[in-house]
Amino acid sequence: MQKLTLNKAAKEAKIAKSTLLEAIKSGRMSAPKNDKGHYAIDPSELFRVFGQKPVFEKNENHKENHNKTSNIQDNTKALEDRLEMLEKERNREREQLTDQINDLRNRLDKAEGERTKLTALLTDGRAKRTNSPKKGIWSRFLGK
């Protein structure tokens, strides 16, 4: 198991080095010194005291995390491609429906024009005579 230096341990725990030194000196945390006289902090001890996961544990799982990330990226790409295809299909259907609506409007306008013409043909458009008293046949014949 890889040991952490004081500096790396402080960064991993997201605390000041002085706080880490204080925990070691007070006995809350054990940290032996290495051959060079530097503290060699066990990541599990750091985790026990400060509740942070050590960096190296993340690195051990790096390959697994990379694979998961790669799978997520692949799935995301597949979903983006599917979404793009669906959007193209929706736009094509929208264009077809718009064309159909325009065609139906044109047909309706033509039918309205034809209906108006037919109504005019069927309706007597001549002015109606005013009600004048009926003349007898002799009056009409003689022009009176």
Side-chain angles (χ1 to χ4, degrees), residues 1-137 139-140 143:
M1 190 177 280
Q2 186 180 17
K3 303 286 183 172
L4 300 174
T5 64
L6 187 66
N7 197 23
K8 285 183 182 179
K11 283 182 183 178
E12 179 59 31
K14 297 177 184 157
I15 57 172
K17 285 195 298 186
S18 59
T19 305
L20 191 55
L21 274 172
E22 186 179 309
I24 293 169
K25 289 181 180 178
S26 70
R28 257 187 18 187
M29 180 174 148
S30 64
K33 290 188 177 186
N34 62 16
D35 298 339
K36 296 180 183 177
H38 300 119
Y39 286 106
I41 301 168
D42 190 327
S44 60
E45 182 70 3
L46 181 67
F47 176 68
R48 181 187 68 79
V49 176
F50 294 101
Q52 297 285 331
K53 283 194 171 184
V55 174
F56 87 93
E57 288 184 13
K58 292 178 187 173
N59 290 337
E60 287 177 356
N61 295 326
H62 176 71
K63 188 172 183 178
E64 182 180 329
N65 288 342
H66 178 69
N67 290 339
K68 287 179 183 178
T69 302
S70 180
N71 289 340
I72 290 170
Q73 289 172 343
D74 292 344
N75 289 341
T76 301
K77 177 66 175 145
L79 289 172
E80 287 172 347
D81 292 345
R82 175 87 170 123
L83 179 61
E84 183 179 338
M85 184 190 68
L86 289 172
E87 286 175 348
K88 285 179 182 178
E89 185 177 326
R90 182 189 61 177
N91 289 338
R92 188 177 61 250
E93 288 175 354
R94 180 180 285 143
E95 287 176 11
Q96 288 175 345
L97 289 173
T98 301
D99 291 344
Q100 189 175 12
I101 289 169
N102 290 335
D103 180 54
L104 290 172
R105 283 182 180 152
N106 289 336
R107 288 183 187 189
L108 186 60
D109 290 344
K110 286 180 184 177
E112 178 65 23
E114 290 175 11
R115 188 184 60 77
T116 302
K117 288 178 186 176
L118 289 173
T119 302
L121 288 174
L122 293 174
T123 306
D124 186 9
R126 294 176 286 174
K128 294 197 176 197
R129 296 182 188 167
T130 57
N131 287 338
S132 55
K134 288 189 175 184
K135 296 181 182 180
I137 191 161
S139 304
R140 284 186 270 167

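These numbers come from a predicted model, not from an experiment. Computed from heavy atoms alone, side chains included, the values below leave out hydrogens, waters and symmetry copies.
Scored by the salt bridge (Lys or Arg N to Asp or Glu O under 4.0 Å) test, E84 finds K88 as partners (sequence neighbours excluded). Listed by chain and residue number, D81 satisfy the salt bridge (Lys or Arg N to Asp or Glu O under 4.0 Å) test with K77 (two or more places apart in sequence, or in another chain). Listed by chain and residue number, I15, A16, F50 satisfy the side-chain contact (heavy atoms from CB on, under 4.5 Å) test with T19 (two or more places apart in sequence, or in another chain). By the side-chain contact (heavy atoms from CB on, under 4.5 Å) test, Q100 is found to be paired with L97, L104, residues two or more places apart in sequence or in another chain being considered.
Once rounded to the nearest 0.5 Å, the distance linking CD1 of I101 with CG of N106 reads 12.0 Å. With rounding to the nearest 0.5 Å, the separation of CG in L4 from NE2 in H38 is 14.5 Å. A distance of 10.5 Å separates CG of D42 from CZ of R48, quoted to the nearest 0.5 Å.
Each salt bridge (charged side-chain N to carboxylate O under 4.0 Å, His left out) pair with one or both residues in residues 91-107, not counting sequence neighbours, appears once here: D103-R107. Pairs passing the side chain to side chain donor-acceptor pair (under 3.5 Å) check and including a residue from residues 108-117, sequence neighbours excluded, read E112-R115.
Salt bridge status for R90 with E87: absent, with no side-chain N to carboxylate O gap under 4.0 Å.
Between the side chains of T5 and N7, no donor N or O sits under 3.5 Å from an acceptor N or O.
Minimum heavy-atom separation, A9 to L46: O-CD2, 3.6 Å. The heavy-atom pair separating A10 from K17 by the smallest distance is CB-CG, 3.7 Å. For the residue pair K3 and A40, the shortest heavy atom distance occurs at CB-CB, 4.0 Å.
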Atom pairs and distances, side-chain donor-acceptor, residues 20-29, under 3.5 Å, sequence neighbours left out:
unit_1 : atom_1 : unit_2 : atom_2 : d
S26    : OG     : E22    : O      : 3.1
S26    : OG     : A23    : O      : 3.2

